[in-house]
2 protein chains.
Amino acid sequence: MTTLIGDVLTITELAREAGVTARAIRFYESKGLLIPRRAGTTRIYTHRERGRLQLILRGKRLGFTLTDIGEYLDLYDADPTQHDQIVLLLDKVNNRIGELESQKADIDDTLKELSSVRAQALAAM
Amino acid sequence: MTTLIGDVLTITELAREAGVTARAIRFYESKGLLIPRRAGTTRIYTHRERGRLQLILRGKRLGFTLTDIGEYLDLYDADPTQHDQIVLLLDKVNNRIGELESQKADIDDTLKELSSVRAQALAAM
DNA sequence: AACCAAGGTGACGTTAACGTCAACTAAGTT
DNA sequence: AACTTAGTTGACGTTAACGTCACCTTGGTT
């Protein structure tokens, strides 16, 4: 393949950079989460796609489904010039914030319990 | 069925209380995450099983697999009298704590971004 | 005795998120 | 020209976590 000029990547380069397989990246695209441009048939990835991939991976680490992540990504693309869009956007954002806040609470509860388990284990040594 | 006496529940009662299906509870048992006593063939659930079910559900909310959750539950059952067990336990606990801390960091990053999205939406109104 | 609701045990179906071929194409290499 | 190296598109396989029957059993109720 021709070496790409400028700040763009091929699928394998992006895959290695992000620590995922090329198959996974194509799969995300088939779900509409990534829409790279093409040079003929070959996919080319720019800074924008790299950012979106990072958001996808973070969403996965947080336990969201790809469908969830798709809606989440739409928040960034939503056109904030239409009033109805704004209201919808604010609603979605607030919901997501609520979800994450309660997830943080779960994590904090779990961390407390693990500290207690650890303390008991140390006491038994 | 005979009404159970004392602080114990049938599978449907536990299911309703926890907001899951009886099928799911039997499934968790088949994976070794719950081991209720039996009255004949009927499963009976005590305070202990209720607590474990809550831990299972929280683990799921946090995005862990049932296999992960199984190991996690073992941490509470581990016999802390044997030195080797303690060392292993501490290792697992510390790993889990590390995972959760980085998950919290992911959440905080996402919350910041969402706040920014929200601020921009509000500014556009 | 007849019945019925709650519970039990397989066994198969389903969705999500990829992995794994297989077969083909386009672009440099030798 | 022959070969090799990405990259592409189906198509089928796989694992996790249950849902959904279908069929059987048991303990109260009528």
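Here is the naming used below: chain letters follow the sequence lines, and residue numbers restart at 1 for every chain.
Within the cation-pi definition used here (under 6.0 Å to the ring centroid, within 45° of the axis), Arg58(A) does not qualify as a partner of Tyr72(A). For the pair Arg96(A) and Phe64(A), the cation-pi criterion (under 6.0 Å, within 45° of the ring axis) is fulfilled.
Atom CG of Leu66(A) and atom C1' of dT15(C) are 12 Å apart (whole Å). Atom pair Arg43(A):CZ and dA27(C):P shows a separation of 16 Å (rounding to whole Å applied). Counting to the nearest Å, the P atom of dT26(D) and the CD1 atom of Ile11(B) are 18 Å from each other. Distance Asp68(A) CG to dA16(C) P: 11 Å, rounded to the nearest Å. A straight line from CG of Leu9(B) to C1' of dG7(C) spans 15 Å, rounded to a whole angstrom.
One side chain, Glu113(B) or Tyr76(A), offers a donor N or O that lies under 3.5 Å from an acceptor on the other.
Note on Thr41(A): every side-chain N or O is 4.0 Å or more away from OP1 and OP2 of dT25(C). Dashed line: the shortest gap from a side-chain N or O of Thr10(A) to OP1 or OP2 of dG7(D) is under 4.0 Å. One finds a side-chain N or O of Thr12(B) lying less than 4.0 angstrom from the OP1 or OP2 phosphate oxygen of dG7(C).
Applying the salt bridge (Lys or Arg N to Asp or Glu O under 4.0 Å) test to Arg23(A) and every residue at least two apart in sequence or in another chain returns nothing. Here Thr67(B) pairs with Thr65(B), Glu71(B) under the side chain to side chain contact (heavy atoms under 4.5 Å, CB included) rule; sequence neighbours left out.
Within residues 21-38 of chain B, the residues approaching DNA chain D are Thr21(B), Arg23(B), Ala24(B), Phe27(B), Tyr28(B), by heavy-atom distance under 4.0 Å.
At a threshold of 4.0 Å, the pair Arg43(B)-Glu49(B) does not count as salt-bridged, since none of the basic side-chain nitrogens sits closer than that to a carboxylate oxygen.
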